[in-house]
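Working notes for the structure below.
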Amino acid sequence: MSAALHTPSRAAVPFDPAAVRVQFPILATTVHGKPLVYLDNAATAQKPLAVLDAERDYYTTANANVHRGVHFLSEEATRRYEAARGAVRRFVHAAGDDEIVFVRGTTEAVNLVAHSFVGPRLTPGDEIVITHLEHHSNIVPWQLLCERTGAVLKVAPIDDRGDVVAAVLERLLASPRARFLAMAHVSNALGTILPVAAFTALAHAHGIPVLVDGAQAAPHLAVDVQALGCDFYAFSGHKVFGPTGIGALYARREHLEAMIPWQGGGDMIASVSFEKTTWNRVPYKFEAGTPNIAGAIGLAAALDWLIAQDLAQVAAYEHDLLAYGTAALSAVPGLRLVGTAVAKASVLSFTLAGVHPHDVGTILDGEGIAIRTGHHCAQPVMDRFGIPATARASLALYNLRADLDALVAGLARVRALFPA
């Protein structure tokens, strides 16, 4: 994992979250007569004007289908769409644009890899390794694949802090039947940052390819697939200040060349007859049908906008914000923080004694505070800690200490309604 985003910047002008906030119109919204305090960024992040303007500009000046026309609008739409692929390539530091496949999001990317890369390589008894931290989207596709192929799912446990037990993971990877490792870069439920580069090196030492779910990492960490060494890296646009319904899969070119198509249809073919169909070159053989052109353009605008920030300063700011929130919540009577790994991104999951998390979220909503409650599509994590759900406050670069102060004040309101 790159450390670039964890080193304070030496730039003369400090990061100014207030200047960032004004670029997000929704943050000026009032909810139930109260100013919006948006602390649900791990579910979806808000969108800056740069993204909103990019999508609107596409629809008003260049709307056409891509790759299929010789007229001006089609050529311009194609240019912008392929430029978006280049923006993703720069963001993840891939070797070439042809290593970037547009998908609907991280979930589709994982399913694509399961179907087209891992599945054909498996025989009964082979093992797929994941961690106990995974989102359901990085559990269920592998369970479905195991059911189809007779493979076995192996899970590396986590400790009481929410860190993966590295010794057990290493033992699982040393199995002669281990064939693939899929892991999160950052846990959506706990905020744990996994040592992805180190775990990838362990897997590769045994000839095991690696997929990284980067949905929660992309908004907070510098992503360099060359430094991480992974074979596949997936993330979703809406988590990283871009549109919903768009995401990207990085895959090593040699893997894409060897993989079978994911879906059949237009644009993923080179030729079609009733006797035989041949496939388009990569990455297009994995992009059947009319793509989400505006979404890709909006994603590129989001990534370019994020890169334009001083990312080292953003990371230092978010680290300070997380430390401030950790201290503030730790002082709330009856509050238990769930997930205390040393290396964490901007997630604060907690329970409040005697109050169901859903009640916490409902009361906070009445104060204009948006958090997430439930199992966060990570039920095994909840089971590990012996709880049905948590309340989760998740941060972004536009959040302020004042937002966390409002959260603490809102929790005082919860406690007043639910005395211990």
Side-chain angles (χ1 to χ4, degrees), residues 1 3 6 42 127-140 142-143 152-175 178 180-206 208 210-217 220-221 228-230 318-319 322-323 325-327 329-330 332 334-353 357 372 374-395:
M1 178 179 60
H6 298 286
E127 297 165 356
I128 299 168
V129 181
I130 63 173
T131 85
H132 206 115
L133 283 173
E134 303 309 316
H135 187 282
H136 294 168
S137 294
N138 204 27
I139 300 174
V140 179
W142 307 116
Q143 290 175 327
V152 180
L153 191 65
K154 296 290 186 176
V155 183
I158 56 176
D159 62 21
D160 290 341
R161 297 175 305 179
D163 283 316
V164 175
V165 181
V168 179
L169 176 65
E170 185 170 9
R171 187 164 66 248
L172 292 175
L173 293 172
S175 166
F180 197 74
L181 170 62
M183 61 181 161
H185 197 165
V186 172
S187 163
N188 74 302
L190 305 180
T192 304
I193 301 174
L194 282 71
V196 167
F199 288 171
T200 297
L202 284 175
H204 283 177
H206 296 283
I208 298 169
V210 177
L211 175 142
V212 178
D213 169 357
Q216 296 297 330
H220 306 293
L221 306 179
L228 295 174
C230 56
E318 288 190 353
H319 179 77
L322 181 63
T326 300
L329 290 180
S330 296
V332 174
L335 188 143
R336 172 196 176 193
L337 283 170
V338 182
T340 55
V342 174
K344 279 188 64 173
S346 298
V347 170
L348 292 161
S349 283
F350 61 92
T351 59
L352 195 61
R372 180 69 46 156
H375 52 64
H376 317 298
C377 292
Q379 283 183 281
V381 174
M382 302 296 116
D383 293 341
R384 167 62 178 79
F385 288 96
I387 52 179
T390 67
R392 184 188 68 188
S394 49
L395 310 171

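Only a predicted model underlies this, so the values are computations on that prediction, with no experimental measurement involved. Count residues from 1 along the sequence.
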Nearest non-hydrogen partners of [X] and [Y], listed with the distance:
X    : Y    : value
A184 : V212 : C-CG1, 4.4 Å
H136 : Q379 : NE2-N, 3.0 Å
A156 : V164 : CB-CG1, 4.1 Å
A393 : F350 : N-CE2, 4.5 Å
H375 : P388 : CB-O, 4.1 Å
A345 : V186 : CB-CG1, 3.8 Å

Between [X] and [Y] (side chain of the first, backbone of the second, donor and acceptor by atom type, cut-off under 3.5 Å), is there such a pair?
X    : Y    : result
H376 : A378 : no
R372 : S394 : no
H132 : V155 : no
H206 : S175 : no
Q216 : A42  : yes
T131 : L133 : yes

Kindly compute the distance separating [atom1] ([X]) from [atom2] ([Y]), expressed to the nearest 0.5 Å.
X    : Y    : atom1 : atom2 : result
L194 : E134 : CG    : CD    : 7.0 Å
N138 : C377 : CG    : SG    : 12.5 Å
L173 : K154 : CG    : NZ    : 12.5 Å
H185 : L221 : NE2   : CG    : 5.0 Å
L153 : I139 : CG    : CD1   : 8.0 Å
C230 : D213 : SG    : CG    : 11.5 Å

Kindly indicate whether the side chain of [X], heavy atoms from C-beta on, has any atom under 4.5 Å from the side chain of [Y].
X    : Y    : value
V338 : L190 : yes
K344 : L322 : yes
I158 : F385 : yes
S330 : L337 : yes
T326 : L348 : yes
M183 : V196 : yes

What residue among L211, L169, I128, I130 forms side-chain contact (heavy atoms from CB on, under 4.5 Å) with L181?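 Result for side-chain contact (heavy atoms from CB on, under 4.5 Å) with L181: L169.
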
Enumerate the side-chain hydrogen bond (donor to acceptor under 3.5 Å, both in side chains) contacts for residues 189-205, please, sequence neighbours excluded, ordered by first and then second residue.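 Residue pairs with at least one partner in residues 189-205: H204-D231.
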
side-chain hydrogen bond (donor to acceptor under 3.5 Å, both in side chains): pairs with one or both residues in residues 156-170, sequence neighbours excluded: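 Pairs touching residues 156-170 that pass the test: D159-R161, D160-R384, R161-D163.
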
